Amino acid sequence: MKIGSLAEIKKELTFFDIKELSVLLLDLAKFSTDNKAFLYFKLFERENPRLFVEFVQEEIDLEFQKSNTRNYHFAKKSAQSIRRKLNKRLKLTKDKETLVELIIYFCEKLRHYGFLDFRHPVIDNLYKVQVGKIEKLVSGLHEDLQYDYTEKILELRNSSK
C-alpha cells in the first residue's frame, strides 16, 4: 500500500468538520507519546512560550542526573543516549532560537557533569558536532541574536580544548 503525499492528506482534511478533526487528532495523540507531546506543546505554547524549553531542560537535567560517568565507556553511552532523546524533542519545534538554546543547554551540561574530562574521541566529537549545529543555526538568526549567542559559542569552543 502506498501512503499518499502530504498535499493529498491536506486536501482530504478540508472535507472534515471540527468534530471529526478533533477525534482524528485525539486518535493521533493516542498513537504515540511523540504525537501527544507535539500536540500538547502546540496547544499550550500560546499561553506560555517557554513551556517547551522548560520541559526539555527538565528532561535533560533528569537524564544527566541518572547518567553513569564511572568510566569513559559508560559516559560515552550516556551522552549518546541523552543526545538521541534531545534530538527527538528538537523535532517538535521549528523555532531556531529554541533549538539553539536547548543545544547550548545540552553542551553546558556535558561540560558541567564532567563528560569532556574523559577526552574520549566519541564524546569530544559529539560535543563538537553539537557546537557546529549551534553555529549553523545562529548564522540563520537575526543579527542581534547572533551577537548575543556569539559569546556563548566562543565559551563552548574554548571549553572543548
Side-chain angles (χ1 to χ4, degrees), residues 5-7 9-10 13-14 21-22 25 28-29 31-69 72 74-161:
S5 67
L6 281 177
I9 293 172
K10 183 179 177 181
L13 285 174
T14 59
L21 281 174
S22 66
L25 281 173
L28 189 60
F31 184 66
S32 78
T33 55
D34 289 339
N35 292 345
K36 184 178 176 181
F38 178 75
L39 188 58
Y40 178 81
F41 290 121
K42 289 299 175 184
L43 291 174
F44 295 104
E45 202 170 30
R46 286 183 239 145
E47 297 168 14
N48 183 2
R50 301 263 321 144
L51 180 70
F52 177 72
V53 173
E54 292 167 3
F55 174 78
V56 175
Q57 285 177 344
E58 286 175 20
E59 225 175 35
I60 290 172
D61 284 339
L62 184 65
E63 291 298 322
F64 271 106
Q65 289 168 4
K66 291 190 314 187
S67 65
N68 184 349
T69 57
Y72 72 88
F74 292 127
K76 174 190 77 157
K77 293 294 183 188
S78 295
Q80 290 172 324
S81 172
I82 296 168
R83 192 221 40 228
R84 276 192 299 274
K85 290 176 183 178
L86 174 67
N87 285 344
K88 276 181 80 171
R89 294 297 179 212
L90 292 178
K91 290 178 184 176
L92 298 177
T93 185
K94 290 179 176 48
D95 181 32
K96 288 183 180 182
E97 189 176 350
T98 300
L99 296 173
V100 168
E101 193 172 330
L102 290 172
I103 297 172
I104 287 174
Y105 190 77
F106 170 75
C107 290
E108 288 173 344
K109 290 297 174 180
L110 273 177
R111 193 175 58 205
H112 174 74
Y113 281 93
F115 284 81
L116 299 178
D117 296 341
F118 288 106
R119 295 290 173 218
H120 191 274
V122 174
I123 297 172
D124 290 342
N125 190 38
L126 183 145
Y127 183 81
K128 288 175 186 172
V129 167
Q130 297 306 310
V131 172
K133 280 183 186 179
I134 295 168
E135 291 171 344
K136 186 176 179 181
L137 286 167
V138 166
S139 68
L141 294 174
H142 188 269
E143 292 173 6
D144 293 340
L145 291 172
Q146 285 181 11
Y147 181 76
D148 293 342
Y149 286 119
T150 302
E151 187 175 319
K152 279 280 191 200
I153 292 172
L154 290 174
E155 186 180 314
L156 291 172
R157 261 199 238 136
N158 292 335
S159 66
S160 68
K161 293 179 182 173

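Only a predicted model underlies this, so the values are computations on that prediction, with no experimental measurement involved.
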Salt bridge (charged side-chain N to carboxylate O under 4.0 Å, His left out) assessment of E101 paired with R50: CA-CA 11 Å; E101 193 172 330; R50 301 263 321 144; 2.7 Å; yes
Heavy-atom check, side chain of L86 versus side chain of Y105, under 4.5 Å: no
CG on N68 to NZ on K77, rounded to 0.5 Å: 13.0 Å
Heavy-atom side-chain proximity of Q57 to V53 below 4.5 angstrom: yes
Enclosure of I9 CD1 (heavy-atom neighbours >12, cutoff 6.0 Å): yes
Working for side-chain contact (heavy atoms from CB on, under 4.5 Å), residues D124 and F118: CA-CA 9 Å; D124 290 342; F118 288 106; over 6 Å; no
Test side-chain contact (heavy atoms from CB on, under 4.5 Å) applied to E97 and H142, step by step: CA-CA 10 Å; E97 189 176 350; H142 188 269; over 6 Å; no
side-chain contact (heavy atoms from CB on, under 4.5 Å) assessment of N48 paired with E54: CA-CA 10 Å; N48 183 2; E54 292 167 3; 4.0 Å; yes
Backbone N/O of L141 and side chain of Q146: donor-acceptor pair under 3.5 Å: yes
Reported NZ-to-CG distance for the pair K76 and N125, which is rounded to 0.5 angstrom: 12.0 Å
Other residues, nucleotides, ligands: >12 heavy atoms within 6.0 Å of K133 NZ: yes
L126 vs F106 side-chain heavy atoms within contact, under 4.5 Å: yes
Nearest heavy atoms of F115 and S78, plus distance in Å: CE2-CB, 4.1 Å
Least distance between heavy atoms, L92 atom then K42 atom: O-CE, 4.2 Å
ring-ring contact (aromatic ring centres under 6.0 Å, His included) partners for F41, two or more places apart: F52, F55
CA sep, side-chain torsions, deciding dist, call: E63, K109, salt bridge (charged side-chain N to carboxylate O under 4.0 Å, His left out): CA-CA 10 Å; E63 291 298 322; K109 290 297 174 180; over 6 Å; no
Heavy-atom check, side chain of V56 versus side chain of L90, under 4.5 Å: no
Stepwise side-chain contact (heavy atoms from CB on, under 4.5 Å) test for Q80 and V122: CA-CA 9 Å; Q80 290 172 324; V122 174; 3.4 Å; yes
Non-hydrogen side-chain atoms of L102 and R89 separated by less than 4.5 Å: no
Y127 side chain vs L156 backbone, donor-acceptor pair below 3.5 Å: yes
4.5 Å side-chain heavy-atom contact, R83 and V129: no
Stepwise salt bridge (charged side-chain N to carboxylate O under 4.0 Å, His left out) check, E59 with K85: CA-CA 9 Å; E59 225 175 35; K85 290 176 183 178; over 6 Å; no
From CG (D61) to OH (Y113), nearest 0.5 Å: 6.0 Å
Distance, nearest 0.5 Å, that separates OG1 of T93 from CD of E45: 6.0 Å
pair K91-F38: side-chain heavy atoms closer than 4.5 Å: no
Approximate separation, where rounding is to 0.5 Å, of D34 CG and L39 CG: 12.5 Å
Heavy-atom closest pair, residues I134 and C107: CD1-SG, 4.2 Å
Heavy-atom side-chain contact between E143 and Y147 under 4.5 Å: no
Distance in Å, T98 OG1 paired with L137 CG, rounded so as to fall on 0.5 Å steps: 10.5 Å
